[in-house]
Amino acid sequence: MPNYGIALDIGTSGLRCQAIDLDSGATLATAITQRHPIPGMNVIDHVNFAIQTGRDAANKLLIKCANELFASLGIDLSCVRRVGVCGNTFQMSLFQNIEIRDLAYAGENMLKTLGIEKVERNGAILKASDMGLIGMPDAEVIIPPAVRHEIGADAIAMLLITGVADAKEPCLVVDYGTNAEMALICGDGRIYTGSAAAGPAMEGQEIERGMLAAPGAISDVNLADGGWTCTVLDESMISAEGDLVDPLTGESKRKGAQRAVGITGTGTVAALYCGIKSGIITPPKINTEDGRLHLQDGIDLTSKDVDEAGKAIGAMRAGFLTLLNAAGMWTGDIKTAYMSGASGLYVDAVKALGIGMVVPGAKKLVQFGNTSIEMARRLALGQESLENLVKFAEKLKAEHCMFATSEVFKAIYAIEYSVWCTGMPMSMYDDMLSMSELPPLGEISEDVEVQKLAKADLPDTEKAPVRTVESGTFLEGKVEGCILCGKCVKRCPEKAISLDPVEGGSIARVASDRCAGTACRHCERACVGKLLHLDRFAVRL
């Protein structure tokens, strides 16, 4: 009888899993979702949904999604012995169906006022069947520990998988995701950690024509003679040559082999870099006749896109500068920067450095893949013990920096916001830092070494091709008095909502994985009678 393990990465933008043969260590199958099953595009949206609609509802969406992913792997689930799981603290708490309100509200006094008990998240080994995971009666689920409420198992994975935790020279590692977990390794035994709520723009979301990495997505842009060249993902998710275009007008100067339907976060970074370098973009303004930066096939960036991406980049830079300040260091002290996560792997590292996503003094940029899935794999394979992870988590608690309450972070982010969103010239950046008694930003290294230590975000996909699974279900509720004007349906940017007539109104159904969550609510605002209230809807599994 075979022995299988499953590695599950619960990310903010979607879930990924791999089936592993525990005897040989071979990867047998890979399955992913393109979106998260809980409405929303960031942790705050997921928190709001879980609090407003109920923790049980959010847990059911996650467990249903995990069961669908596991079923798609094509293995005998009754032979699964271990499921290793990794993700941020909130996602892991929802997966376990444990208290989340202590993550949502800051401050001991607030928690006491609300009668909320803090939960110790020191890891656990649970029975799969007790969690609602189907078809694996003998499997145990290994839940790694968290450090703080915004520094979870994924941050531990980032440090251990990259190997930077034992670095003898100062270095900085950032997971370029929605939450941008980061750690400063000082080289003297100290490790400072933090998490910046960057939002989903770097993953292609909250960008007008943005999308997650998928066939037809523009993933890179480069300056060239006669225009800009676009790189587009083909049907096998491999980079293919796109068009040479005039960014001022969108005119195609030379047709490439691949058509485009949208742009990823890495493509957005590349377009920003090229736009700023060429003078077409002076954040947040785009200096074209129609105020849009044109790429191929009608895909373009707007000033709002620059604003959204800039806020994400600004949160990241404010984060690592805050860590440096807390450690008594600054940008010139860091010569090596590690870039983790899907965006960290696929983005052009030099372009990311050029627009502020990487510490400016770095001369060596090391790109990793998905460290979270790798940690889950090690847990599933029995190569990493829960005991060791708990000890490491305790060590990290000593020097954790809470950006939400840091005056330094607030001061630096205010500068970033001024640059990206109000048009303050970058030449004033150092003057603004000086007003907060901080040193100059430092010059961006020009001659940098880039080392890519992973070929793909997920390992072994050439042997176990990726299967994509639809991740959502429906939120459903009766809208009393609805006249079926359809304005909510037309206004929804994600085409997530539909209406069916019933006596006295309508039944509204919202696809949970397509809904952009509380950060959107365009449908509610479009309702003429203000009758639509998504937080009153029930989950229909």
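Along the sequence shown, the residues carry numbers beginning at 1.
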Side-chain ion pair, [X] and [Y], N-O less than 4.0 Å:
X    : Y    : result
E140 : K127 : no
D138 : R82  : no
D220 : K351 : yes

Could you go through T266 and D348, starting from their C-alpha distance and side-chain angles, then the distance that decides it, and tell me whether this counts as side chain to side chain contact (heavy atoms under 4.5 Å, CB included)? CA-CA 7 Å; T266 61; D348 185 307; over 6 Å; no

Which heavy atom of [X] sits nearest a heavy atom of [Y], and at what distance?
X    : Y    : value
D154 : S372 : CB-OG, 4.1 Å
L8   : A66  : CD2-CB, 4.4 Å
A196 : A315 : CB-O, 3.4 Å
A50  : F90  : CB-CZ, 4.1 Å
P137 : S78  : CD-CA, 4.3 Å
G84  : L379 : CA-CB, 3.9 Å

Can you tell me how far [atom2] of [Y] sits from [atom1] of [X], rounded to the nearest 0.5 angstrom?
X    : Y    : atom1 : atom2 : result
I207 : I263 : CD1   : CD1   : 8.0 Å
R514 : H36  : CZ    : NE2   : 15.5 Å
L62  : M92  : CG    : CE    : 11.0 Å
Q91  : F95  : CD    : CZ    : 11.0 Å
M182 : L159 : CE    : CG    : 12.0 Å
L61  : L94  : CG    : CG    : 9.5 Å

Determine yes or no for a side-chain-to-main-chain donor-acceptor pair under 3.5 angstrom, with [X] supplying the side chain and [Y] the backbone.
X    : Y    : result
S72  : L69  : yes
R55  : N97  : yes
S340 : M158 : no
D102 : V119 : yes
W330 : P440 : yes
S418 : A414 : yes
Q367 : G344 : yes
S445 : A362 : yes
R467 : L73  : yes
E120 : N122 : no

Applying side-chain hydrogen bond (donor to acceptor under 3.5 Å, both in side chains), run through T27 and R377 and close with a yes or a no. CA-CA 10 Å; T27 302; R377 286 173 61 90; 2.9 Å; yes

Test: side-chain hydrogen bond (donor to acceptor under 3.5 Å, both in side chains). Region: residues 57-67. Which pairs qualify, not counting sequence neighbours?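 Every side-chain hydrogen bond (donor to acceptor under 3.5 Å, both in side chains) pair that includes a residue of residues 57-67, provided the two are not neighbours, is K64-E68.
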
Side-chain contact test, heavy atoms from C-beta onward, threshold under 4.5 Å: evaluate it for [X] versus [Y] and give yes or no.
X    : Y    : answer
N3   : D21  : no
H46  : T12  : yes
Y4   : I20  : no
I238 : L233 : no
I373 : Q18  : yes
I32  : L458 : yes
M329 : C186 : yes
I143 : I125 : no

Classify the ring geometry between Y413 and Y417 as parallel (under 30°), tilted (30 to 60°) or perpendicular (over 60°).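 Tilted: the ring planes of Y413 and Y417 meet at 30° to 60°.
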
F368 vs Y338 aromatic rings, parallel, tilted or perpendicular, using cut-offs 30° and 60°?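 Geometry flag for Y338 against F368: tilted rings.
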
Is the [atom1] atom of [X] crowded by more than 12 outside heavy atoms at less than 6.0 Å?
X    : atom1 : value
E169 : CD    : no
K410 : NZ    : yes
Q383 : CD    : yes

Output all residues satisfying ring pair (Phe, Tyr, Trp, His ring centres under 6.0 Å) with Y192, sequence neighbours left out; order by chain, then residue number.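 By the ring pair (Phe, Tyr, Trp, His ring centres under 6.0 Å) rule, Y192 matches no residue at all.
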
Under the side chain to side chain contact (heavy atoms under 4.5 Å, CB included) rule, what do E99 and S93 come out as? Steps first, then yes or no, please. CA-CA 7 Å; E99 179 66 81; S93 297; over 6 Å; no

Which of these passes side-chain contact (heavy atoms from CB on, under 4.5 Å) with M339: V366, D175, V174, V358?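 It is V358; the other options fail the test.
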
Where do E470 and D513 land on the side chain to side chain contact (heavy atoms under 4.5 Å, CB included) test, with the steps shown first? CA-CA 8 Å; E470 291 294 326; D513 61 331; 3.9 Å; yes

Y429 vs I415, side chain to side chain contact (heavy atoms under 4.5 Å, CB included): CA-CA, chis, key distance, verdict: CA-CA 7 Å; Y429 200 103; I415 301 171; 3.6 Å; yes

Under a 3.5 Å cutoff, is there a donor and acceptor pairing between the side chains of S219 and T264?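 Side-chain D/A pair, S219 to T264: absent.
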
Between N325 and T322, does the side-chain hydrogen bond (donor to acceptor under 3.5 Å, both in side chains) criterion hold? Intermediate values first, please. CA-CA 5 Å; N325 177 75; T322 300; over 6 Å; no

